[in-house]
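In what follows, every heavy atom counts, from backbone to side chain, and hydrogens, waters and symmetry copies are set aside.
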Amino acid sequence: MQNFSDEHLPVVEDTITVPTAGGAEAFVDAADIAAVAVETLVDPDAHAGAAYAPTGPEALTVAEVADIIAGVVGRPVRHNDIERGAWVMALSWPGSCPPTTGSCSTG
């Protein structure tokens, strides 16, 4: 769940704001990525030309992830499934939502 503990998909004011259209993702743990890297470095010939796409053990929606985080931190956390265009525009305004949208909230 490192995706939600840094600036990639941060929890801001108990909300994860990212467009997903309700889709799910099998989030991969950084330790699993490191394990794959170690194996390829230990025996490079066995992995020459190979391509790997590590995935997590279970596909979760961001709303489900918000519920998991809420259980850990002991307060409500929600997913704001913002419209994609508004989210992309907000990315060009670091630290705030662009004035043309007024708010990054969907409701």
In Å and rounded to the nearest 0.5 Å, what is the [atom1] to [atom2] distance from [X] to [Y]?
{"X": "Glu64", "Y": "Glu25", "atom1": "CD", "atom2": "CD", "result": "12.5 Å"}
{"X": "Asn80", "Y": "Trp87", "atom1": "CG", "atom2": "CH2", "result": "12.0 Å"}
{"X": "Arg78", "Y": "Ile69", "atom1": "CZ", "atom2": "CD1", "result": "13.5 Å"}
{"X": "Thr61", "Y": "Asp67", "atom1": "OG1", "atom2": "CG", "result": "7.5 Å"}

Fill in: Transitive ILVMFWY side-chain link Val28 to Val36, under 4.5 Å
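Unlinked, Val28 and Val36 end up in two clusters.
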
Practice prompt. Please step through side-chain contact (heavy atoms from CB on, under 4.5 Å) for the pair Leu60 and Ile68, ending with a clear verdict.
Written response: CA-CA 10 Å; Leu60 300 169; Ile68 292 168; 4.1 Å; yes

Worksheet item: Applying side-chain hydrogen bond (donor to acceptor under 3.5 Å, both in side chains), which residue pairs with at least one partner in residues 31-51 are found, sequence neighbours left out?
Response: His47-Tyr52

Worksheet entry | Side-chain (His79) to main-chain (Val18) donor-acceptor, under 3.5 angstrom |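 Between the backbone of Val18 and the side chain of His79 there is a qualifying donor-acceptor contact (under 3.5 Å).
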
Discussion item. Given 3.5 Å as the limit, does a donor-acceptor pair link the side chain of Glu13 with the main chain of Thr15, or not?
Written reply: no

